[in-house]
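Notes for the one structure printed next.
What's counted below: heavy atoms across the whole structure, side chains too, no hydrogens, waters or symmetry copies. Just so we're on the same page: letters track the sequence lines, and every chain starts at 1.
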Amino acid sequence: MEVIASVNKLRLKFPGAESLLFKDFSLSIRKGEKVLIVGSSGSGKSTLLQVLTGLIPSSVEVPMKVENIKIPLSWGFVFQDPESQFCMPYVDEEIAFVLENLQIPHDQMPSYISYYLKQVGLSFDDMHTKTQILSGGMKQRLAIAAVLALESDVLFLDEPTAMLDPEGTEEVWNTIKEVGEDKTLVIVEHKINHVVDFVDRVIILSDNGEIVADGSKQEVFEQYKHVLIDQGIWYPDAWKDYLLANGKPRPQSTGWDSNSAITLTDFTGFRGKNKKIEIKNVDVFPGEWITVLGKNGAGKSTLLHAMMDLIKTKGVYTIFGQDAKKINKLSDYAAFVFQNPEFQFVTNSVYDEVAFTLRLEKWNLDKVSNKVEELLEFYFLKNHEHSHPYQLSMGQKRRLSVAAATVKGQPILLLDEPTFGQDAKNTFAILEQIEYLRSQGTIVIMVTHDLNIVEHFSTRVWVIDQGELTIDCSSSEYTKGMHKVVG
Amino acid sequence: MQLDFSFRETWLHKINPSFKFILIVALFIHILFIHNINIIINYMIGTAILYILFTGHPWKRLLIISIPFILIFLTSSTSMIFFGKGEVTWFKWGLIHITEEGFFRGLHLGFRGLVFATLGIIFALTTRPVYLFYSLMQQLKLKPKYAYSFMAAVRLIPIMFEELQTIRYALKVRGVQSQKGILGFYHLLKSYSIPMLSQSIRRAHRIAVAMEAKRFSDTTKRTYYYLVGFSKLDVYLLIYFVVVIGTSYYFANSYSYFPIQDVRYNN
Amino acid sequence: MGRALKLTDILVTIIIALIFGLVYKLWGPLYGFVSVFGLHAEQLIYGMWFIAATVAYLIIRKPGVALLAEVAAAHGEFIFGGEWGVTTLIFGLGQGLAAELVFAAVRYKKFDMFTVSLAAIASAGASILIDFYYGYIGDLALWNLLLLIGIRCVGAVLIAGIFAYFIVQALEKTKVTNLIRPVSSNDYKDLDK
Ligand SMILES: Nc1ncnc2c1ncn2[C@@H]1O[C@H](COP(=O)(O)OP(=O)(O)OP(=O)(O)O)[C@@H](O)[C@H]1O
Ligand SMILES: Nc1ncnc2c1ncn2[C@@H]1O[C@H](COP(=O)(O)OP(=O)(O)OP(=O)(O)O)[C@@H](O)[C@H]1O
Ligand SMILES: [Mg+2]
Ligand SMILES: [Mg+2]
């Protein structure tokens, strides 16, 4: 079949990087194929998509050389980061921008706009809504709508659902499946469960930017399973195998101080003047791992922000018996990981970022460097210690933000989706690290959409719905209920 | 943060932005050729009426906005009043030399500054940037490359204020506490301004990439989501200024405030 | 590697310009306040109105950005409701052109403090030229006029020259400049290793 996109002998190296990311890399994609590209975090997947669309080097200048390159005539791109892909301030204008580029007549625009919004399951009372106030998940759906509006033959998708709730993920993939029927799809994704059933070709990218497997999905998942395990990449049975290998029982939170460490009573958090989160009454005990579940826009991040005293709050909030509002430096008690890892960074290098808190604490130099090296090693960031945090891949940023937040070992950990965009090995590494801290008595409050974590790591579940805590139960109860619903 | 605040839409909001812009530039050029202080004063009254009655903003806000006007008046006039050249000395003390000519030249500059300021603020208060740039593209053939860059950048401004908040959150979460004194202030300023600038640049860069990924191009033709056209109101505004200018000249000749026709030194 | 302005360059220039446009707007009342002290003390801070051009040039290092930045900043000040209205645009155009000419004279190859200070002085010169017609400053007493010119130039060098240079140095540490500046030919050579 006709080749629609290809590179031949691609060489690419980021300025200042130690080695080439791609060395004589070749790949071609034929018309109508549904290709899934997997690889560990930092292997160059996002970069590859940008090369295949010509964004590198035409929009982003990166030194590269290629013997032959074929860029599809008409393509659409959904980026990994929802924040940075909007060109206009309002929802309707964002899609209209694409329509304008395609010279759709003025009077047809409104109907097109509502059509595309509906396709991704977004509805607004007024389409003229600011994109800024959408939740992370809603933003990503809007981004997909804008790309659908391009009506192109080839779609490049770079982890389009990393931040969506399970329902949204399902919906978006269904949408993509539908609209992608007669299109060529090139998908980069870590969590492949939803994708597997409609791709027909799988490519595995190794850590050093080489194709280590390329074939039909049956072929790859059966014959190359060892490669997937080796590289620490997700595959359909990854969780099962991990649990088998580790024989892991569900953690118990008993055996700790029975005094509650955190108490929230009639606790409310505000964004501007609007009440966005309300907690009637909860007590949290040392050694608990609470997963916070809820739809996109439910108020999970807002809850964590409120607990970190970043937004205006009312009500009772005590930490170890003290009024949280009177605590001068809350960061001595609680570590925080933002949903967007970039919000975390305050220094100019990966190394400094991890060392930052320790230096504030006036640790001595040797101790700092030992600790930092240890963590960077653990999170596979050692090769990037001199990079700027912003130059990392998405998954690397995420890991860095977790490393930087957990380095000091505060008794409370507030984590906003710390495992999104990770490959299998890093997900388990992060979870094990958190589990270790928890087993030492740390309280973990973690927002996630991953139900495997609920089932196998956490001890307690909070479900947030429209700004209210609606379910508060142990994980086993929650999973039991879940199975009932499913079964 | 919300930068736009509520107001009542008036006919001035519905004027074609490009037309409004050109009209103001034309008035500006015309005013530069006026050297008669009496005309300027009448002109000022004409624009002030527009500002007070037709911008659609509550009068309290209008009042607050006009506070700096006093400063404009002062900065534009004082040097000339105290140090301007002239024949008829009113007052002399050390370096200060107030002459009749210098005094009126200073007043003239002050009033003229006020007219420019009022015209500018009327424009700012009654024009939505998005419409302005759509109009500039449609009527004045501004290249989309520049217009969309401007619109994207204008959109980034409120986000920049959010950025400040994000930086504040980050510093708080990471346990940075501000120091006291001048040095502390310097650190504070630096730890906000540099990240904010660099973040804005990064954002701008990403948006540019996203725009190109959405097939934005300067070379192909494009359609517009907002069509900005002309209306009768544009004619009304034109007539308004024709009348203002006409009466300014008429009254300046028949009922002048000051017996000065030209404030320049050599005439 | 071409030196023509790409969309990225334009957007980045304009965002820098608008940030300074906001500063320009805030500078207005401050300028008015300082001028109460008399004897052109305010001229010392006049240099802030030239800074967009030099900062943008130092960051992006391409032909045209100094002019674009200064005009865009003036336009920003105008649409934010700056006290001088349209006047700002004329000054912005003149100041931007003057700075651009200096950068053209060094063929866009020098990015040191001296070059930007020269550009700052050029901008100051342009603003003074416009003031001759616009502000009748030729009608000031000679000593007073010279004082104004002198202080304005010193302020220009301090703010739009030296201060601008340090801002960009601080920005370079955040590696953001790597994003927009042309990649060096050495980095291309590395590809053949
Ligand atoms: N601007 C840059 N400067 C220097 N190095 C970079 C830059 N962008 C990316 N890199 C490096 O290139 C490598 C590949 O990055 P890329 O974003 O393509 O990874 P990825 O496979 O998409 O990872 P992830 O799954 O985490 O998103 C990473 O090691 C990253 O640190
Ligand atoms: N900075 C903000 N200003 C105003 N409203 C906001 C802001 N951030 C979020 N909101 C609103 O608050 C509500 C809760 O948002 P929040 O980000 O807490 O959702 P979430 O549960 O974390 O969703 P997601 O899974 O998408 O991250 C949403 O309605 C959102 O529109
Ligand atoms: Mg990636
Ligand atoms: Mg969230």
Report which part of [X] has an atom under 4.5 Å of a heavy atom belonging to chain C: side chain, backbone, both, or neither.
| X | result |
| --- | --- |
| B:Val115 | neither |
| B:Phe123 | side chain |
| B:Leu114 | neither |
| B:Phe116 | both |

Top contributor to chain B interface from C:Ile14, C:Leu89, C:Val12, C:Thr88 [non-hydrogen pairs under 4.5 Å]: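 Result: the option with the highest number of such pairs is C:Ile14.
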
Check whether any side-chain heavy atom of [X] sits under 4.5 Å from a side-chain heavy atom of [Y], and report yes or no.
| X | Y | answer |
| --- | --- | --- |
| C:Phe80 | B:Ile157 | yes |
| B:Tyr148 | C:Leu7 | no |
| C:Leu68 | B:Tyr146 | yes |
| B:Phe21 | C:Val86 | no |
| C:Leu11 | B:Ile207 | yes |
| B:Lys190 | C:Ile167 | no |

Under 4.5 Å from a heavy atom of chain B, the part of [X] involved:
| X | answer |
| --- | --- |
| C:Ile180 | side chain |
| C:Leu145 | neither |
| C:Ala72 | both |

Approximate separation, where rounding is to 0.5 Å, of C:Ile15 CD1 and B:Gln199 CD: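 Going from CD1 on C:Ile15 over to CD on B:Gln199, the span is 11.5 Å.
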
Starting at CG of B:Leu197, measure out to CZ of C:Phe20 and round the result to the nearest 0.5 Å.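 Going from the CG atom of B:Leu197 to the CZ atom of C:Phe20 covers 5.5 Å.
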
Would you indicate whether C:Phe163, at its atom CZ, is surrounded by more than 12 heavy atoms from other residues, nucleotides or ligands within a distance under 6.0 Å?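 Counting other residues, nucleotides and ligands, CZ of C:Phe163 stays at 12 neighbours or fewer.
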
Which heavy-atom pair separates B:Ala208 from C:Thr8 by the least distance, and what is that distance?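 Reported closest heavy-atom pair: CB-CA, 3.7 Å.
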
Which atom pair, heavy atoms only, marks the closest approach of C:Leu179 to B:Arg202?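 So the minimum-distance heavy-atom pair works out to CD1-CG, 3.8 Å.
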
Using a 4.5 angstrom heavy-atom cutoff, name the option from [options] with the most pairs to chain C.
| options | result |
| --- | --- |
| B:Ile194, B:Ile121, B:Thr118 | B:Ile194 |
| B:Pro129, B:Ala204, B:Gly113, B:Gly120 | B:Ala204 |
| B:Arg112, B:Met160, B:Met211 | B:Arg112 |

Can you tell which of C:Thr177, C:Ile16, C:Thr174 makes a side-chain contact (heavy atoms from CB on, under 4.5 Å) with B:Ile201?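 Of the listed options, the one satisfying the test is C:Ile16.
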
